[in-house]
Amino acid sequence: MDGERSRPLIYLDHHATTPLDRRVLDAMRPWLEAEFANPASIEHVMGRTAEAAVATARRQVADLINADPREIIFTSGATEANNLAIKGTAMFHVKHRARIGELPGHMVTFATEHKCVLESCRRLEGEGWRVTRLAPGAGGVPDAAAVAAALQPDTRLVSVMAANNEIGVLAPLAEIGRLTRARGILLHCDAAQAFGKVALDVQAQNIDLMSLSGHKMYGPKGIGVLYVRRRPRVRLEPLFDGGGQEQGLRAGTLAAPLIIGLGEAARLAGLEMAQDAARLDRLAQRLHQRLAQEAGGISLNGAGQPRLPGSLNLRVAGVAAQDLLAAVPELCLSTGSACASGAPEPSYVLTALGLDRQAAMESFRLAIGRFTSDDQVARAGDLLTAAIGRLRRATPPAAASGQASAAPASTSGKASGTAT
């Protein structure tokens, strides 16, 4: 481990987490030291000062998604927010609608959602709920037409992520939101990856519940948000009981330093998001183009679709992704795959896209971030190109059959170019 850390590392795993922006740390520091009071202790001046700082952070988060500050419920992260949105919706329905025979009900989600969404739905299935898991459409993008076809008279909730955490493609939230609002069905959006990176507007997109995370957008770990619409009112049951904090939906002492850090991260994103996106797209296109031209056999998973700035999920034909990552220890990358009992398994997201096992196992993800330099991207290109060449030379020709090639594609907005 010490030997690994002695190398100059290049961090390209910003889908997993982001570094804490130094300006966010500076905003948090007073609340970790001198200003340590509980925001609920409003009987004294220190408590009221903390309460006011939390209120400012609540407004900063709300502003970034065009919400009312009263609609912002602080949680420990997006996983808790997702659980509260999905299970809280179900629990409220069972508690308040069972007496008129409307239980249990139906939910719709996609097979490419984050595990905590899929597992929450699976838990509800054990309690009698019916869940439809849709396959994604072209390039891994959730298909609004498929959602429309899946809706049933007793559908209570549709859950779709704003940006996929493995391939980075963006969902047509406004289109899906129009469908659900017209039917009086709640729309929940896991926006952990998208928050602070692309524009989100809960009003224009007709979103009823939205989960957010701090550590995916240069804020602190351990803090997140569930946006809960006030008009039309969304009703949830809390997951646990306590002192009634956060409008009775999320009990527990508010983590003021983390909340203030999240607020500052949201403020900075509002100022710098567009500039960051343009730079990250440029760097990602440069890296993709270089690998496609110099290494060859490179395809972009989710090609031709709008995606998060700086996001690439690449298949290197004939090279196992885990071997490639092991060959470039200076780079912090990930496969997006889960491991069970020590045996590597292909990404469930990539297999849902229709990739076979070999293609999925040849794929890895990278995400360039706010503090990634041009020189680091160039160095990553050097290392990856050299490693791919070495691994291919060491691989018998039969094992490297079926190599793919691709033209570089734009990484956000309207993608230009295709990949196979």
Side-chain angles (χ1 to χ4, degrees), residues 71 73-136 142 146-162 164-165 171 176-177 179-181 183-192 207-213 224-229 232-252 338 340 348-349 352:
E71 297 173 316
I73 305 299
F74 290 115
T75 68
S76 64
T79 292
E80 182 187 341
N82 285 336
N83 274 263
L84 177 56
I86 295 168
K87 296 175 182 175
T89 295
M91 291 164 63
F92 183 88
H93 177 74
V94 169
K95 181 176 180 179
H96 297 278
R97 306 297 290 179
R99 58 180 172 270
I100 58 175
E102 293 188 7
L103 118 111
H106 174 247
M107 294 186 178
V108 177
T109 191
F110 280 85
T112 47
E113 293 294 308
H114 191 278
K115 280 289 189 182
C116 65
V117 168
L118 297 176
E119 292 301 322
S120 293
C121 291
R122 184 170 292 112
R123 174 68 65 88
L124 293 178
E125 282 183 307
E127 299 174 7
W129 287 80
R130 304 185 325 282
V131 177
T132 298
R133 296 171 182 80
L134 299 172
V147 173
L151 299 180
Q152 301 178 18
D154 63 344
T155 303
R156 308 298 172 208
L157 181 75
V158 173
S159 183
V160 56
M161 66 195 334
N164 189 270
N165 59 306
I176 295 172
L179 291 171
T180 54
R181 185 58 55 83
R183 295 279 294 269
I185 297 167
L186 296 181
L187 174 60
H188 166 246
C189 175
D190 174 0
I207 295 168
D208 300 291
L209 296 156
M210 178 182 279
S211 303
L212 310 173
S213 177
V225 161
L226 180 62
Y227 157 79
V228 182
R229 182 180 288 276
R233 185 83 170 186
V234 175
R235 301 287 187 178
L236 305 173
E237 282 293 306
L239 298 185
F240 49 90
D241 301 313
Q245 293 91 345
E246 296 302 273
Q247 302 178 48
L249 289 177
R250 206 282 181 174
Y348 71 93
V349 171

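No side-chain heavy atom of Pro104 sits less than 4.5 Å from a side-chain heavy atom of Arg130. Between Leu209 and Leu236 the shortest side-chain heavy-atom distance falls below 4.5 Å. Counting heavy atoms from C-beta outward, Arg123 and Glu119 have side chains that stay 4.5 Å or more apart. The side-chain heavy atoms of Glu237 and His96, taken from C-beta on, include a pair separated by under 4.5 Å. The closest side-chain heavy-atom distance from Val160 to Val147 is not below 4.5 Å. Looking only at side-chain heavy atoms (C-beta outward), Met161 and Phe110 stay at 4.5 Å or farther from each other. Counting only heavy atoms from C-beta outward, the side chains of Leu226 and Glu246 never approach each other to under 4.5 Å. In this structure, the side chains of Asn82 and Ser120 stay at 4.5 Å or more apart for every pair of heavy atoms.
Of all heavy-atom pairs spanning Pro142 and Ile176, the tightest one is CB-CD1, 4.5 Å. The two residues Ser213 and Ala78 come nearest to each other via the heavy atoms CB-CB, 3.9 Å. His106 and Ala150 get closest at one heavy-atom pair: CE1-O, 3.4 Å. Nearest approach of Ala191 to Leu212, heavy atoms of both residues: CB-CD2, 3.9 Å. Residue Thr155 comes nearest to Ile185 through the heavy atom pair O-CG1, 3.5 Å, listed as atom of the first residue, atom of the second, then distance.
Once rounded to the nearest 0.5 Å, the distance linking CG of Asp154 with NE2 of His93 reads 7.5 Å. Rounding to the nearest 0.5 Å gives a distance of 7.0 Å between CG of Leu239 and NZ of Lys87. Here Trp129 contributes atom CH2 and Ile86 contributes atom CD1; the two are 11.5 Å apart, rounded to the nearest 0.5 Å. One finds the OG1 atom of Thr132 at 6.5 Å from the CG atom of Leu134 (value rounded to the nearest 0.5 Å). Here the CG-OG1 distance, from Leu249 to Thr75, works out to 11.5 Å after rounding to the nearest 0.5 Å. Remark: Leu118 CG to Glu113 CD distance equals 6.5 Å, nearest 0.5 Å.
Side chains of Asp190 and Ser211: a donor-acceptor N/O pair is absent below 3.5 angstrom, by distance only.
Without hydrogens or angle criteria, Glu71 side chain to Tyr227 main chain gives no donor-acceptor distance under 3.5 Å. Within the 3.5 Å criterion, the main-chain N or O of Ile207 finds a donor-acceptor partner in the side chain of Arg229.
Residue Asp208 is tested with His188, Arg233, Arg181 for a side-chain hydrogen bond (donor to acceptor under 3.5 Å, both in side chains); the sole match is Arg181.
A salt bridge does not link Glu125 with Arg122: none of the charged nitrogens is closer than 4.0 Å to a carboxylate oxygen.
Under a cut-off of 6.0 angstrom, the local environment of CZ in Arg183 is crowded, with over 12 non-hydrogen atoms contributed by other residues, nucleotides or ligands.
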Report the C-alpha separation of Tyr348 and Lys115 in whole Å, then their side-chain angles, then the decisive distance to 0.1 Å, and conclude whether the side chain to side chain contact (heavy atoms under 4.5 Å, CB included) test is met. CA-CA 10 Å; Tyr348 71 93; Lys115 280 289 189 182; 3.5 Å; yes
